[in-house]
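Quick notes on the structure that follows.
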Amino acid sequence: MKAISKLKRIAFASPSRSLSLVSIGSRNVPASSSSSLLDEFTNFCYQRDLPRAMKAMDAMQRHGIWADSITYSELIKCCLARGAVNEAKLVHNHVFSNGHQPKTFLINILLNMYVKFNLLDQAQELFDQMPERNVVSWTTMISACTNAKLNAKALQYLILMLRESVMPNMFTYSSVLRACDGLLSLTQLHCSIIKAGLESDVFVRSALIDIYSKLGELQNALGVFNEMVTGDLVVWNSIIGGFAQNSDGDEALNLYKKMKRAGFPPDQSTLTSVLRACTGLALLELGRQVHVHVIKFDQDLILNNALLDMYCKCGNLKDANFVFTRMLEKDVISWSTMIAGLAQNGFSREALNLFQSMKEHGAKPNYITILGVLFACSHAGLVEDGWYYFQSMKKLFGIDPGREHYGCIIDLLGRAGKLDRAIKLIHEMGFEPDAVTWRALLGACRVHRNVDLAIFAAKQILKLDPEDAGTYILLSNIYANSQRWDEVAEVRRTMKAKGVRKEPGCSWIEVNKKIHAFILGDNSHPQIDEINSHLNQLIHRLMGLGYVPDTNFVLQDLEGEQSEDSLRYHSEKLAIVFGMISMSRGKTIRIRKNIRICGDCHIFAKLLTKMEQRTIVIRDPIRYHHFQDGVCSCGDYW
DNA sequence: CTAGGGTTAG
């Protein structure tokens with residue numbers, strides 16, 4: 001992709017210089033005159049007349065004449081712009097013909113040409129034959145390797161170049177930094193960069209920020225960013241993207257504000273990251289504002305995909321569909337995003353229909369697409385369809401089922417109550433089960449109330465993920481419910497010993513472009529009294545209609561202690577009531593929360609939508625719940 | 001002649 005965009009850039013590069021000191025064509029000049037042959041060739045090269053230049057070059061070769069390096073570089077640019085690989089190879093042969101030794105400058109250009117044509121082997125061969133390699137030669141090879149994701153090879157080139165005492169420059173570092181896949185090599189490189197005094201180069205800085213972010217070292221990335229005196233758009237995009245990709249949307253958005261204050265107008269890359277931040281935080285209104293800017297960069301595929309995903313993840317399928325149908329160019333990510341978006345939001349049928357339509361459009365599904373399809377089947381209880389896709393995905397789409405696919409199928413079987421089959425599958429799959437696998441089984445146990453198996457699955461999860469507070473609480477609740485107090489104490493002890501704390505339940509709701517957070521046990525919201533009194537009234541009215549606060553949801557309640565009173569103040573209930581007080585009836589109440597919804601809040605929300613004619617969408621860390629008219633899109637399974 | 005930033009699941 002990169003090579004192609006480079007080719008394009010060359011194709012639209014500045015028009016050829018005019019050099020016509022000599023008449024063009026061979027009319028006025030005898031063919032045997034070596035100087036006129038050379039002039040002719042030079043003119044054809046600058047005029048980008050490839051066929052004639054090639055002809056003239058052929059004649060020059062027969063006469064043993066060579067042009068200067070700049071002229072050849074023009075010719076090679078022309079070959080690149082036209083994708084003329086064969087001509088380019090002829091140029092290569094010509095400049096080496098009859099034992100002629102071109103300058104390093106020219107060989108570098110040839111090297112780079114092979115890299116841009118994606119002919120790494122040829123580049124390597126030429127590189128190996130070079131009598132003298134300068135920093136450009138080495139950097140060209142390093143950059144070729146990093147682009148091809150040959151990280152070890154890129155680092156190896158750097159070592160070899162240092163061994164030959166060629167000093168890396170900012171080009172070399174910005175290139176080789178992308179090849180770091182461990183903190184050790186990165187720290188060493190960063191030191192060398194500082195020693196060489198190159199850390200203030202914007203290219204090096206953005207590369208440093210980016211690689212630190214990719215390795216999850218955000219504080220280091222921020223350190224490099226904060227030292228910046230003069231920056232540019234890409235440096236800003238690197239740091240914003242870093243936070244957005246490491247699910248720190250808040251910080252990404254803060255930096256975005258700072259960037260605008262610093263006078264840098266956002267581009268496609270910035271907005272993609274901003275949308276990703278909105279997606280993570282479920283900031284639908286901010287996402288909508290970004291949508292306005294997206295229109296200016298019409299039809300940027302990546303940006304549109306990010307916009308699409310934002311609407312899906314914010315539970316707004318209407319706008320997601322609007323964006324999707326208007327995208328002129330769709331790739332496998334667009335289709336996968338929309339399919340998964342429909343499935344996660346409870347529109348399984350639509351997801352499967354879209355998958356059909358994707359295939360009819362000739363788009364090739366990938367690993368992730370199939371995950372969305374399996375998720376849709378699982379969600380709709382389509383055991384047979386899901387099993388069919390799972391069994392035949394290798395044959396139909398050439399994709400080997402991975403851990404995640406098994407996870408979906410375990411979920412599918414579990415949801416359908418086929419726990420035995422699910423366990424059998426865990427044993428049969430070629431992978432060691434991981435925490436995600438066991439969580440899929442645990443989900444089934446919760447719904448089908450299989451306490452023993454739930455304990456087993458929870459223990460497996462904790463073996464693999466000993467910091468998972470939610471699973472500890474769940475396990476402790478299960479024991480408490482069976483009066484197994486010794487084991488309750490044991491779980492609590494383990495948590496204490498490991499320093500695992502249960503995260504307080506927190507729900508967020510966006511009203512009038514402001515985010516309101518509700519945290520369990522926190523009464524700091526200015527309208528908390530009004531909310532509580534309204535909540536009590538609602539509960540009272542709902543109880544009149546048969547609602548019973550369910551303190552027995554031990555397998556579900558990850559948020560607090562199991563008493564009716566604490567259930568009453570679960571954060572999502574407060575957020576829902578606040579939404580009802582502050583938004584008109586026609587508006588959807590959208591809530592995001594940090595831990596999974598409990599069974600009592602789920603029933604509460606369902607009954608409330610029926611009683612009050614409201615629509616509520618709650619996104620928990622892994623599922624979506626669209627409540628309307630007394631039912632939830634999750635089908636009471638989560 | 002050589003260099004940096006963005007999208008789907010988990």
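A, B, ... follow the sequence lines: proteins, then strands. Residue 1 opens every chain. Source: prediction; values computed, not measured.
Atom CZ in A:R623 sits roughly 14 Å away from atom P in B:dA9 (whole-Å rounding). As a whole-Å value, the separation of A:N169 CG from B:dC1 C1' is 12 Å. Here B:dG10 presents its C1' atom at 18 Å from OH of A:Y406, a figure rounded to the nearest Å. Atom CD1 in A:I370 sits roughly 13 Å away from atom C1' in B:dT8 (whole-Å rounding). Taking atom CG on A:L275 and atom P on B:dT8, their separation rounds to 11 Å, with Å as the unit. Atom CG of A:L253 and atom P of B:dG6 are 17 Å apart (whole Å). Here the P atom of nucleotide B:dA9 and the CZ atom of A:F390 are 20 Å apart, to the nearest Å. Atom CG in A:D331 sits roughly 11 Å away from atom P in B:dT8 (whole-Å rounding).
Close to B:dC1, at under 4.0 Å from its OP1 or OP2, lies no side-chain N or O of A:K77. The phosphate of B:dT2 (OP1 or OP2) has a side-chain N or O of A:N112 nearer than 4.0 angstrom. Under 4.0 angstrom from either OP1 or OP2 of B:dG6 there lies no side-chain N or O belonging to A:R276. A sub-4.0 Å separation between OP1 or OP2 of B:dA3 and a side-chain N or O of A:S143 is present. Put simply, A:R178 has a side-chain N or O that comes within less than 4.0 Å of OP1 or OP2 on B:dG4.
Under the ring-ring contact (aromatic ring centres under 6.0 Å, His included) criterion, the residue pairs touching residues 286-315 of chain A are A:H291-A:Y311, with sequence neighbours excluded.
The base of B:dA3 is paired with the side chain of A:S174 by a donor and an acceptor separated by under 3.5 Å. One cannot find a donor-acceptor pair under 3.5 Å joining the base of B:dT8 and the side-chain atoms of A:T337. The base of B:dG6 is not paired with the side chain of A:N305 by any donor and acceptor separated by under 3.5 Å.
Within 4.0 Å (heavy atoms only), A:I107 reaches no atom of the nucleic acid at all. Residue A:N304 is classed as having no contact, given no heavy-atom separation below 4.0 Å to the nucleic acid. Residue A:K313 is in sugar-phosphate contact alone, with no base atom involved, counting any heavy-atom pair closer than 4.0 Å across all strands shown. Base engagement by A:I368 is indicated by at least one non-hydrogen atom pair under 4.0 Å involving a base atom. Heavy atoms of A:L233 sit under 4.0 angstrom from at least one base atom. Note on A:S73: nothing from the nucleic acid sits closer than 4.0 angstrom, heavy atoms only. Looking at heavy-atom distances under 4.0 Å, A:K214 makes contact with sugar-phosphate atoms alone, never a base.
Taking a cutoff of 4.0 Å between a charged side-chain nitrogen and a carboxylate oxygen, A:D319 and A:R288 qualify as a salt bridge. By the 4.0 Å N-to-carboxylate-O rule, A:R205 lies too far from A:E199 to be salt-bridged with it. Salt-bridge check for A:R439 with A:D468: passed, with a basic side-chain N closer than 4.0 Å to an acidic carboxylate O.
Side-chain contact between A:Q124 and A:K153: present, with at least one pair of heavy atoms (C-beta onward) separated by less than 4.5 Å. Between A:S348 and A:L342 the shortest side-chain heavy-atom distance does not fall below 4.5 Å.
Geometric assessment of A:K364 against the ring of A:F397 yields a negative cation-pi assignment under the 6.0 Å and 45° thresholds.
Counting only heavy atoms from C-beta on, A:I109 has its side chain closest to B:dC1 among B:dG6, B:dA3, B:dC1. Between B:dA9, B:dA3, B:dG6, one nucleotide has an atom nearer to the side chain of A:Y367 than all others, and that is B:dA9. For A:K116, the listed nucleotide lying nearest its side chain is B:dT2; candidates were B:dT2, B:dA9, B:dC1. Side chain of A:D309, nearest nucleotide from B:dG6, B:dT8, B:dT2: B:dT8.
Aromatic ring orientation, A:F264 versus A:W236: tilted (interplanar angle from 30° to 60°). Using cut-offs of 30° and 60° on the angle between ring planes, the pair A:H405 and A:Y367 is perpendicular.
Of the residues in residues 194-207 of chain A, those placing a heavy atom less than 4.0 Å from an atom of DNA chain B are A:D201, A:V202, A:F203, A:S206, in numerical order.
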